[in-house]
Undergrad: 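I'd like to ask some things about the structure below.
All residue numbers refer to positions in the sequence shown, counting from 1. Hydrogens, waters and symmetry mates play no part in the numbers below; they use all other heavy atoms, side chains included. Remember, it's 1-based here, ligands and their atoms both numbered in the order they're listed. The shown structure was predicted, so the numbers you read here are calculated from the model rather than taken from an experiment.
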Amino acid sequence: MLGNNHPIRLQTMTTTDTMDTIGTVEQTIRCIEAGAELVRITAPSKKEAENLRNIKEELKRRGYNTPLIADIHFTPNAAEIAARIIEKVRVNPGNYVDKKKFEFIDYTDSEYVEEIDRIRDRFTPLVRICRQYGTAMRIGTNHGSLSDRIMSRYGDTPMGMVESAMEFLRIARAESYHNIILSMKSSNPQVMVQAYRMLIQQMMQEFNECYPLHLGVTEAGDGEDGRVKSAAGIGTLLEDGIGDTIRVSLTEDPEFEIPVCLDLVKRYSAPVSLRGELSATPAALFIPPLEGRGATYDPFVYKRRTSFAVDNMGDKQVPVVMADLSKIENITAKDLESIGYSYNEITDKWSISDSAADYVFTGNQILPFALPGTLKMVVYPSAWEQVVTEAVQAGTAGEPTYFPIFSDSGYATSEIKSPHLNFVMFDCFSDDTIVNDFTYLDAVANDKTVVICLSSTNKHAMPAIRRMFMEMQQRDIESPVVIICDSYWQTADEHLIHYATECGALLLDGFGDGICLGMTSHAYKNSSVTNASGRNYLNNATVEQFINSTAFSILQATRTRISKTEYISCPSCGRTLFELQETTAKIRAVTNHLKGVKIAIMGCIVNGPGEMADADFGYVGSGVGKITLYRGKEVVKRNVNSDIAVSELILLLKESDAWVEPVV
Ligand code: SF4
């Protein structure tokens with residue numbers, strides 16, 4: 001049971017060869033035991049589709065009746081076989097009928113209608129089989145594999161993705177077949193979120209009803225980056241009540257995807273009593289509706305909120321990262337290593353990494369050592385006053401490095417403020433009593449020394465903060481804003497999902513000129529540095545390092561600030577032609593210093609080139625032991641032996657001026 005008010009179902013996809021019945025059965029069982037409620041298996045041709053029967057029977061014999069899904073690309077005949085055997089088929093409207101040639105074709109309206117008729121002829125038999133056998137279907141659009149026809153008319157856009165699915169949906173509805181789920185996946189969470197929102201709008205406009213939705217970010221990669229990207233995309237939609245089943249695509253064994261799915265979903269099913277410290281102080285849930293001029297942002301188009309600059313925040317500047325070191329007692333120079341600053345005593349110099357925090361909040365601590373030149377400190381007003389007084393007495397008051405952070409009422413009543421930069425905190429809709437009182441907000445509005453910090457302890461913190469952004473837009477307040485997000489969870493995965501969902505959702509809508517991630521005191525003390533599958537993200541480092549790296553990963557995933565190489569790697573499946581996890585790790589090891597370069601690592605030539613979306617370079621399996629290398633969509637080296645393919649990729653990066661030597 002899926003859709004409507006049923007729980008959000010968790011699913012994954014096997015990576016084994018579908019002809020390996022026992023291997024596929026055993027991997028499916030591992031996924032089911034981990035919590036998968038549906039399992040997808042690739043059926044690249046008729047023989048694999050036929051073998052789904054053996055897999056299903058063997059699973060049944062071992063006591064497992066979990067619904068299976070056949071994954072179909074390019075092969076209607078395989079789909080028509082699978083639909084008679086298992087519970088669901090997934091078709092990709094970009095390649096079910098069309099072959100991808102990356103050609104631009106200028107169709108007249110009548111030629112376009114003829115194309116739709118051609119699709120109807122080829123797709124209707126599958127619809128009829130599904131209707132006859134009670135088989136469900138996912139119409140699964142991928143941003144990277146839109147047909148040449150859709151690309152020619154709509155371009156590489158969310159609207160193109162929506163239309164691609166709608167063409168198939170209209171045909172199915174005309175056959176009175178409604179057992180349908182839809183998806184709009186992309187490796188870019190921004191595109192994916194907009195496409196799902198547009199699809200809902202389009203279905204409501206045309207049919208006045210919505211079909212269930214399967215959510216996912218494709219080719220998200222592995223480890224922390226894969227989880228953050230998935231959570232930013234999937235979590236943003238779940239926060240708004242969108243989504244009936246989810247799949248987190250990681251370049252890892254499929255059973256490791258399920259704990260991430262569970263973490264994403266339990267945020268909406270866990271009773272308040274499981275939500276850490278919040279249970280002690282249940283927050284108000286009420287978020288007042290918008291009145292007056294209505295929503296002033298467009299959820300279908302990314303546009304960064306207009307703000308003016310205060311110091312290095314706001315306007316067109318990339319969002320800043322504020323690290324919270326306030327829970328460390330007696331902060332030392334060594335502690336700054338966690339946030340990207342390493343001090344060399346011999347040279348008396350700081351080295352600064354690409355993911356070094358811009359600001360550090362230390363509470364009341366004034367650091368007893370000279371700071372790296374680019375780092376700025378944020379402290380409570382009494383500590384700031386002390387710094388200012390001491391500097392005046394010592395005659396050293398120059399360029400300030402310490403700035404105060406006030407409460408909203410504190411700023412209004414304080415007689416001493418920084419003439420340069422003041423941070424002012426606002427709690428968004430966490431308490432019924434202040435819901436309609438914006439006196440303090442109006443008091444700081446458009447003050448050219450103020451950066452507003454928004455946080456919320458409301459159980460629904462993201463919508464509460466988003467509502468405050470809208471309030472500010474209605475009041476024409478263009479002050480820059482830092483989003484403060486505290487986590488009350490425990491494991492690394494839970495924290496990652498929390499931060500990526502809450503901040504990712506706001507950044508994807510263009511809100512936020514900075515982020516500051518932290519933990520409640522309870523979570524900080526009890527935090528486990530391992531995730532649910534026992535993997536340690538922290539590499540024996542500190543909670544602060546974990547949080548800092550997560551902050552930069554969120555900015556990278558939402559494409560608001562690029563600080564590292566981006567990997568678009570497929571999760572692998574029965575079509576994969578090489579050891580994808582090992583190869584991804586190898587490529588990552590030699591290219592992870594190439595800030596801003598997007599490298600795709602794709603398991604097969606059938607789907608890889610299309611699905612690698614906007615990657616700058618592609619490493620694609622094209623035969624057993626053979627790799628084809630791409631620059632953008634252009635094939636540069638065909639069928640290179642896999643044992644030299646990584647070196648050839650480096651050569652290609654060098655030839656394309658995308659390579660820099662790593663700093664030792
Ligand atoms: S790109 Fe990867 S996941 Fe997609 S079909 Fe090919 S091997 Fe399978």
Undergrad: Identify the closest protein heavy atom to atom 5 (S) of ligand 1: which residue and atom is it, and at what distance?
TA: N607 ND2, 3.3 Å
Undergrad: Does C570 bring an N, O or S atom to under 2.8 Å of atom 2 (Fe) of ligand 1?
TA: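 Yes, C570 qualifies, because one of its backbone or side-chain N, O or S atoms lies under 2.8 Å.
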Undergrad: Over 60° means perpendicular and under 30° means parallel, so classify the ring planes of Y211 and H178, tilted if in between.
TA: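 Parallel.
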Undergrad: Is the NZ or CZ atom of R153 both under 6.0 Å from the centre of the six-membered ring of Y107 and within 45° of that ring's axis?
TA: no
Undergrad: Does at least one non-hydrogen atom of R575 fall below 4.0 angstrom from an atom of ligand 1?
TA: yes
Undergrad: Find out whether M192 and I234 are in side-chain contact, i.e. whether some heavy atom of one side chain is under 4.5 Å from a heavy atom of the other.
TA: yes
Undergrad: Can you pull out the closest protein heavy atom to atom 6 (Fe) of ligand 1? Residue, atom name and distance to 0.1 Å, please.
TA: C604 SG, 2.3 Å
Undergrad: Find all atoms of ligand 1 within a distance of less than 4.0 Å from any non-hydrogen atom belonging to G603, and give their numbers and elements.
TA: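 That gives atoms 2 (Fe), 7 (S) of ligand 1.
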Undergrad: Applying a strict 4.0 Å limit to heavy atoms, is V606 in contact with ligand 1?
TA: no
Undergrad: Please report the C-alpha distance between R247 and L38 in whole Å, then the side-chain angles of each, then the deciding distance to 0.1 Å, and finally whether the side-chain contact (heavy atoms from CB on, under 4.5 Å) criterion is met.
TA: CA-CA 10 Å; R247 192 245 168 141; L38 301 116; over 6 Å; no
Undergrad: Does C570 reach the side chain of E611, with side-chain heavy atoms less than 4.5 Å apart?
TA: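 A side-chain contact is absent here, since even the closest heavy-atom pair is not under 4.5 Å.
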Undergrad: Which residue owns the protein heavy atom closest to atom 7 (S) of ligand 1, what's the atom, and how far is it?
TA: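 Protein heavy atom at minimum distance: T576 OG1, 3.4 Å.
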Undergrad: Has C573 got an N/O/S atom less than 2.8 Å from atom 8 (Fe) of ligand 1?
TA: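 Coordinating: yes.
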Undergrad: Say you draw a straight line from OG of S164 to CE of M166; how long is it, rounded to the nearest 0.5 Å?
TA: 11.5 Å
